[in-house]
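For reference, the structure is listed below as structure tokens.
Proteins get letters first, then strands, A, B, ... in listed order; numbering begins at 1 in each. Since the structure is predicted, the reported quantities are computational estimates derived from the model, not experimental observations.
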2 protein chains.
Amino acid sequence: MDIRTLCLGILTKGDATGYEIKKTFEQELSHFYDASFGSIYPALTKMTEEGLVNCTEQAQEGRPDKKVYAITPAGRMSFLDALSKEPRKDKIRSEFLAMLMFSDLLSPSRVAHLIDRRLKEVDDFINHKAGCHTEAMTNAEKFLIGFGEAIYRAERDYLNENRHLLEAEALLSAKSAAG
Amino acid sequence: MDIRTLCLGILTKGDATGYEIKKTFEQELSHFYDASFGSIYPALTKMTEEGLVNCTEQAQEGRPDKKVYAITPAGRMSFLDALSKEPRKDKIRSEFLAMLMFSDLLSPSRVAHLIDRRLKEVDDFINHKAGCHTEAMTNAEKFLIGFGEAIYRAERDYLNENRHLLEAEALLSAKSAAG
DNA sequence: AGAGTCATGTAACGCGTTACATGATTGT
DNA sequence: ACAATCATGTAACGCGTTACATGACTCT
């Protein structure tokens, strides 16, 4: 599923500008997808040409015209077709975990720093994004936030309970290098 | 952290061929990174030119010469330098979660299928990869496998406990479409 | 005064995948 | 017979990011 298709999906939830679609990526999809303006705007332009969406320009003062996109029946068909494909394996790229894999090459304080930093991000999510289920949310939205929360809680607990394994590892290497 | 740097990291654990590096990606890094031959082989060739690794060819019968790569002191320095940078935010791309976000457009059986399929993958990991800590493993390797296991367990439990939210959502849409 | 928000777009570039090319050996 | 494993490599292509370009309005 490319960014293009996901933009189409976002438009099934309601009309939006490119700018608003970007915000949706940041706010609702951020823990399982992301996209930049450089991919969103060209995608919308192209899909307009292809008749999957249509665009209504709204003049504004002191700003570029706001372009509100709406999905067309052809666009909806195209999106449903994409949803009928089997989802591909998740693609994950975690520099955090990659670095921890080499914790034997790091100082104990560096390992501690990496983990503390991550725990802070995880806690921030749990405290701010999670738990604030509003009326307007669909079940799917609640489900996804709850999913993120469950994963983050598991991660937090695991890091707290097992960080000593890596901190000991780093300590050992530091000792053997010194001795 | 690009594939190139990660290959260098893998070589800090011991000499290896491109083929073996690929296997390492599949077996040890698969839940937080992946790489294809098309990125590994050119990376090794380039790093050889740059003096970050060196290459010893071993003639073989009926097969291409095996090229065993070893990291050089310059390569080790370069990798340590990469480890000193702050890790960037994880990049995740989950078609599974993206599809669930649009579960209101899917039939209940389709939603159930997607979740069942995912649960199978998760269970497979928990039953096969997790829990088999051997003697030869470093603490970092145990930590990472344990991490994966913790996350997968949380995911499994969450899916089992909350799938009804999405299955109900889909059911509702199906009804309203029919009615 | 400076950061953040609203608002769109393009061009160059990087990085990696996919598919192709080759081919023996071993297990089912 | 067929698939998998071992083993390396290239070229085309896709997809997306980064950086640049522009500019007003609002909050601190």
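Here Arg117(B) pairs with Glu86(A) in a salt bridge; the nearest charged N to carboxylate O distance falls below 4.0 Å. The pair Lys120(B)-Asp116(B) does not meet the salt-bridge criterion, since no charged nitrogen lies less than 4.0 angstrom from a carboxylate oxygen.
Within 6.0 Å of CE in Met137(B) there are more than 12 heavy atoms belonging to other residues, nucleotides or ligands.
Listed in residue order, the members of residues 28-43 of chain B having a heavy atom less than 4.0 Å from DNA chain C are Asp34(B), Ala35(B), Ser36(B), Gly38(B), Ser39(B). The stretch residues 11-25 of chain B touches DNA chain D through Thr17(B), Gly18(B), Tyr19(B), Lys23(B), each having a heavy atom within less than 4.0 Å of the strand. Near DNA chain C, meaning a heavy atom under 4.0 Å away, there are no residues from residues 76-93 of chain B.
Side-chain atoms of Ser78(B) and Asp81(B) include no donor-acceptor pair closer than 3.5 Å.
What separates CD of Gln58(A) from P of dC6(C) is a distance of 15 Å, to the nearest Å. Atom P of nucleotide dC13(C) and atom CG of Asp2(B) are separated by 19 Å, given to the nearest angstrom. Taking atom CG on Asp65(A) and atom P on dT8(C), their separation rounds to 9 Å, with Å as the unit. The NZ-C1' distance, from Lys66(B) to dC6(D), rounds to 8 Å in whole Å. Following rounding to the nearest Å, Glu95(A) (CD) and dC15(C) (P) show an atom-to-atom distance of 12 Å.
Side-chain atoms of Tyr152(B) never come within 3.5 Å of backbone atoms of Phe147(B) as a donor-acceptor pair (strictly under, hydrogens ignored). Remark: side-chain polar atoms of Ser30(A) are not paired, donor with acceptor, to backbone N or O of Gln27(A) under 3.5 angstrom. Side-chain atoms of Glu149(A) never come within 3.5 Å of backbone atoms of Ile126(A) as a donor-acceptor pair (strictly under, hydrogens ignored).
Between Arg93(A) and Arg93(B) there is no side-chain heavy-atom pair separated by less than 4.5 Å. Considering only heavy atoms from C-beta on, Thr138(B) stays 4.5 Å or farther from Asp104(A) through its side chain.
Separation of the Phe102(A) and Phe79(B) ring centroids falls under the 6.0 Å cut-off. You'll find the ring centres of Phe32(A) and Phe96(B) outside the 6.0 Å limit.
Listed nucleotides dG9(C), dA7(D), dG16(D) differ in distance to Lys67(A); the shortest reach to its side chain belongs to dG9(C).
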